[in-house]
Amino acid sequence: MLSDALPEIITDTLPGPKSAALIARREQAVPDAISCGYPVAMKRAAGAIIEDLDGNRFLDWIGGVGVLNIGHCHPEVVAAVKEQADKYFHGMFNVVTHEGYVKLAEKLNSMAPVRGAKKRTYFANSGAEADENAVKVAKAFTKRPNIIVFSGAFHGRTLLTMSMTAKKAYAKGMGPFPDGVYRAEFPYLYRRPAGMPKEAALPYYIGKLQEVFENASPAEYVAAIVVEPLQGEGGFIPAPIEWVKAVRKICDEHGILLIADEVQSGFCRTGRMFASDYWQDAGVQPDIIATAKSIAAGVPLSAIIARDEIMQSVPKGVIGGTFGGNALACAAALKTIEIMERDHLAERSVSMGRKVMARYEEWKQKYGVIGDVRGLGGMVGIEFVKDLSTKEPAPELTKAIIEENARHGLLVEGAGIYGNVIRFLAPLVMTNVQLEAGLRIFEQSIRKCIGYKEHIHANVGA
Ligand code: PLP
């Protein structure tokens, strides 16, 4: 079965001839701005394995960038989508009511750890749309114009979310941007100011947030603070729970809503259905959750969830859209969530993440190029540096390791503001044997790229 296969490269060159031909057509037909650094043209995929047009098999630790927590082509999700396709594809929700939309909203209302007894959910198509909608809803409720986002944040590529996203390389030449978006420093503890003890870091970062009220937007004009519970694109950096509690307190003091961007961290990725389930355990909840990616196993869908009084404050016609809550996507999501709960994928995420983290920690001790290993459940980042004491980022080494991994059939993706982090975002249905195979390839790539020689290292140690 393809889903149990191991990574294997059978062509002499990568991409192989058939894949190369399709990639060449892509290069003629599609803008270069939609860039792709991987030599892979898909033929089929199952679980954590992608087979390319030439028969090469790749172990996929990217999962469509966090979309495939349940794996490629889960047979039950495929069956659910086919069953829906036989009935109808689309029922625009401003025109007709279809049960999939209602049932999925009911399900998310019952699961999502947002504040409030009665909740409401509506759907959009992408993560950026979910974030943008969450901000619209927050503005409608608070009647305030501004929002606060963070350094390292990634929220998407629409005009508002380009403005919210920290990295301006993603927004080159696209201005002017919407006004009213202010930025505070995210608690990237590994890169806290040099010499600062860890205990001093949280007050420092909270102070930085408070400064926004002084220097940029008075608190009474702020509708929402938007937080990724674990920054994805920014470098797989978990928001420390004590910091989240302090942010919640600031929000409550000033009537500001707390939005959790769970686009990448949702749906079992971090070891819970939502990363903000951990917040709830610690006694805090977001007011709004925006989520997408793994919700529907690869069918485009995103969701915005908030309590009744927030959602009901939005005037008619201000939110919604043609495809939001499409029937095929809702059918896929309902089945995906059912399987995640039934097969305990959140627990699987925790055990997989533990294994990966333990191995990365071993490598950190051994190879001298890993500055930090961090994460939550099955969302794990490994940060490469040139020098452990100066923490100078090593983006060239990171890129070389990513390319070497791909040459041996392991797909991993970079992240981080310096491009020196590799993300673990593998499907949670990956087998243990596949996980071991991936770790073996990854370690070999590190060794090759740093020119590691076992015996030399042993002698130095002796
Ligand atoms: N928010 C976060 C945290 C993300 O990771 C992403 C995408 O990577 C987005 C928003 C944007 O999602 P999309 O690409 O579906 O618009």
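For this chain, numbers begin at 1 and follow the sequence in order. The basis for the numbers below is simple: all heavy atoms, side chains too, and nothing from hydrogens, waters or symmetry mates. We count ligands from 1, going down the list as the structure has it; atoms in each ligand are counted the same way.
- The 12-atom threshold is not exceeded at CZ of Arg25, counting heavy atoms of other residues, nucleotides or ligands nearer than 6.0 Å.
- Among protein residues, Ser126, Gly127, Ala128, Asp131, Phe154, His155, Gly156, Glu228, Asp261, Val263, Gln264, Lys293 come within 4.0 Å of ligand 1, judged on heavy atoms.
- At a threshold of 4.5 Å between non-hydrogen side-chain atoms, the residues Phe236 and Leu376 do not count as touching.
- Scored by the side-chain hydrogen bond (donor to acceptor under 3.5 Å, both in side chains) test, Arg192 finds no partners at all (sequence neighbours excluded).
- Side-chain contact between His155 and Val226: present, with at least one pair of heavy atoms (C-beta onward) separated by less than 4.5 Å.
- The ring of Tyr101 has its center closer than 6.0 angstrom to the ring center of Phe123.
- Annotation: Lys399, atom NZ; neighbour count of heavy atoms from other residues, nucleotides and ligands within 6.0 Å does not exceed 12.
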